[in-house]
There are 4 protein chains.
Amino acid sequence: MQVNNVETLFKKTLRESDLSAKQQAVLQVSLNLFAEQGFDRTSTSEIAKAAGVSEGTVFKQFKTKEGILKAIVAPVLDHVAPMVASEFFDELKNNNLGDLRSFMQYAIQDRMTFAIENRQQIKVFVQEVIREPKLIVTLSTKLQTVMNGQIGAVLQQFKDRGELVDWSNMRIIQYMVGILGSYVVPQVFFAPTADFDAAKASQEAVEVLLHGLTPVK
Amino acid sequence: MQVNNVETLFKKTLRESDLSAKQQAVLQVSLNLFAEQGFDRTSTSEIAKAAGVSEGTVFKQFKTKEGILKAIVAPVLDHVAPMVASEFFDELKNNNLGDLRSFMQYAIQDRMTFAIENRQQIKVFVQEVIREPKLIVTLSTKLQTVMNGQIGAVLQQFKDRGELVDWSNMRIIQYMVGILGSYVVPQVFFAPTADFDAAKASQEAVEVLLHGLTPVK
Amino acid sequence: MQVNNVETLFKKTLRESDLSAKQQAVLQVSLNLFAEQGFDRTSTSEIAKAAGVSEGTVFKQFKTKEGILKAIVAPVLDHVAPMVASEFFDELKNNNLGDLRSFMQYAIQDRMTFAIENRQQIKVFVQEVIREPKLIVTLSTKLQTVMNGQIGAVLQQFKDRGELVDWSNMRIIQYMVGILGSYVVPQVFFAPTADFDAAKASQEAVEVLLHGLTPVK
Amino acid sequence: MQVNNVETLFKKTLRESDLSAKQQAVLQVSLNLFAEQGFDRTSTSEIAKAAGVSEGTVFKQFKTKEGILKAIVAPVLDHVAPMVASEFFDELKNNNLGDLRSFMQYAIQDRMTFAIENRQQIKVFVQEVIREPKLIVTLSTKLQTVMNGQIGAVLQQFKDRGELVDWSNMRIIQYMVGILGSYVVPQVFFAPTADFDAAKASQEAVEVLLHGLTPVK
DNA sequence: AATGAATGAGGCTTCATTCAT
DNA sequence: GATGAATGAAGCCTCATTCAT
């Protein structure tokens, strides 16, 4: 299992942008500072200092503090998120996951690890989405596509074999996300406990999920 | 089903405090303003104006802006939350919910409605908990007590009758919260859709829950 | 001839306002600084320092830098200008100016001295009017009233006696202002020469005016 | 009557300078921007954008923002103004204006139209002169020369014929400028009314002037 | 207890200017 | 000659907090 790292992918995306090295630094440190302290509690002078850049430079490119946030969110939505998604689906395919249990096992542990390892970045995004509900539209469109496409095919296959209840994909995924969330949200948003055992947690989550998603004959 | 209203209970608690009418007003409008705009984006002068009070008055009692927040959070934790909890359990008892389905039906719809109706207040609290992780300790202690006490008894009863899987209470509740969350979180934190149908959503959630929590013969 | 002093009248008006001593100081020094350096070249920190006040104080009351300017212009328009006008007309009456020459002599020298002595303040106003053409409306309304009222009566009297050409008051006054301006504008806006001789200049202006305003028999 | 256009003459002067096309563009748009918004309210980046030029280019040649202004004012004073003056005098001569009335008629209407049509440019200059009183010296020297030269001759001719009062040229011109100003200043600096009728205004001004400048027999 | 004027630190942003390419 | 990223000083303004009344 090779979990993707948002920060790395973000840096890669930046490198391919036409931003100067300094501007890239601004976005990089901003992402981290916003994650640590929140958008409102991070000052632009703090960003400038952390990026080793004058305060003027911060505004030359991004115009406003809001602009910095948008310059982070946009490429993540446009480039990083698709990369994360496709990597995830490729892994699913390449690991030849024959039965529902193997599938769940892999998917849940992978995504759980992903969430834990990228919790800082996830925090920034969730906070931004709360602040700017318009993003929901973009996000849910993307999600819809993915669900009807790649995931849909996989789930259908299990439904056909009678391993998976015959609910709508939307409902099944909401179910999986709900359970995953019950393990992940406390770690990401509240108390990140050092001794969190992703393997054990995901095993437990999978058990619950299989119990709930197996058709009653 | 008579869902409790946090704002009303909060006001009631304030009235029983030894705060002057003006100080009470400060806390009341602060709760609303924090919910609408967030703590950082709400200024003390805004609070003063909305409360019909001078700026000095705001600080006379609460010393700092943080102090206002604490003066809101504390009574909620100490009085409102317990009231909400005990009202909830009383209802559960009084409605004589014989089987697991009835119990789930009632509990889920009740809490879902509660979350939707008090979403502003819930937002303040969740945001505050994210900001100040120390609160987690207090909260989880309280939760632990409740779970081992009142809820524990109810769940045990269903387990004994073979209607409920024999998992730990903690796990069952996490499961329920996860499912509930998958319906409620989007409504509370992201896009509060006007046409959200709590009755239908809770019915669906209950179905999922029963499917997953019924022991496999 | 007792020429009125705008700065003094402005201070008096301020004293009767409900502004605190510090706020009054802000307006007073602002008037002077704006006159000396212009609105754009005067910084708010400069104003604060000159008024012996913190920068916050400046904004507490006047909200914006523009607000300071408006807080100066408004009372001048509403109180100082009317006082200046009525003092001027009272003097005209009390000096019992029988013939046109005496009238002109008095009026021109009085207004010329007024302009020279208050040139700083006049500069602020003219600049402000150029910046904010809306003020023109207010000003011209006031002017219209005065012209049709007090001045009109005086001029009519000279017309009746055949001492003054039978032109419209508007035209006569424009004429007088034009001539006066040709002496005063250079002094007020360009090069205030120390050796400007108001007595001589006004005498010359009067001569020109009489020449041009006496009916050709 | 073919009134000269300052902007056109300025462009022509620029074309004959050794400035590159881009540098010329900088000066051209600066003149317009300064006129519209004033020197202080126009930023160098605004100039660069409007001129379709990089910010560096603006400073490469003109060193400072002040430098841009000087690079505008100097050629106007050295080339445009003389061209305007000589064109004006040529017209006066070529139109064979026999009597004082014809002369006045032509001169006043011509200059009034000139002022109205070039009001933007005049504003820049007047504002600059207010800002930088040193220019007055240069200007008044030039003016002196012109007055004692070309205009002096013309006026003398009318004096000789007894059509014009025997005042000093300076005084007569100040008189004419005063009257002209009373019509032109409101249009240029305050409220440029669309329905301003230059023909009618100049006729009225001439009437006043003749009345005042004709010797009393 | 309540007021509201006053504070000054700090926030975001603009701007003229420089300099490596 | 031209570019445009980078600078950092300074500008306007906000804010939490204090204090005399």
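So that the names make sense, note that chain A is the first sequence line, chain B the second, and so on, each numbered from 1. All values below were derived from every heavy atom in this structure, side-chain atoms included, with hydrogens, water molecules and symmetry-related copies excluded.
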**Q** Go along nucleotides 16-21 of chain E 5' to 3' and tag each nucleotide: B for a protein heavy atom under 4.0 Å from its base, S when only backbone or sugar atoms are that close, - otherwise.
**A** BBB---

**Q** Using whole Å, what does the distance between atom P of nucleotide dC12(E) and atom CD1 of Ile68(A) come to?
**A** 9 Å

**Q** Whole angstrom is fine here: how far is it from CZ in Arg41(A) over to C1' in dC12(E)?
**A** 18 Å

**Q** Describe, as an angle rounded to 10 degrees, how the axis at the first end of the helix from dA2(E)-dT21(F) to dT21(E)-dA2(F) is tilted relative to the axis at the last end, five pairs per end.
**A** 10°

**Q** May I have the distance from Ile47(C) (atom CD1) to dA10(F) (atom P), rounded to whole angstrom?
**A** 17 Å

**Q** Give Ser20(B) one of three labels, base, sugar-phosphate or nothing, depending on what nucleic acid heavy atoms sit under 4.0 Å from its own.
**A** sugar-phosphate

**Q** Tell me whether the side-chain N/O atoms of Ser54(B) come closer than 4.0 Å to OP1 or OP2 in dT3(E).
**A** yes

**Q** Atom NZ in Lys60(B), atom CD in Gln23(B): separation rounded to 0.5 Å?
**A** 9.5 Å

**Q** Considering heavy-atom distances to DNA chain E, does Gln23(C) or Gly52(B) have its closest nucleotide positioned more toward the 5' end?
**A** Gly52(B)

**Q** Starting at CZ of Phe62(C) and ending at P of dT7(E), how long is that distance when rounded to a whole Å?
**A** 13 Å

**Q** If I take atom NZ in residue Lys49(B) and atom P in nucleotide dA5(E), what distance separates them, rounded to the nearest angstrom?
**A** 12 Å

**Q** To the nearest Å, how far apart are Gln24(A) CD and dA6(F) P?
**A** 10 Å

**Q** Who pairs with Ser54(B) by side-chain contact (heavy atoms from CB on, under 4.5 Å), at least two apart in sequence or on another chain?
**A** Thr57(B)

**Q** Under 3.5 Å, is there a donor on one side chain and an acceptor on the other for Gln120(D) and Glu7(D)?
**A** no

**Q** When rounded to the nearest 0.5 angstrom, what distance separates NZ in Lys11(C) from CG in Leu27(C)?
**A** 12.5 Å

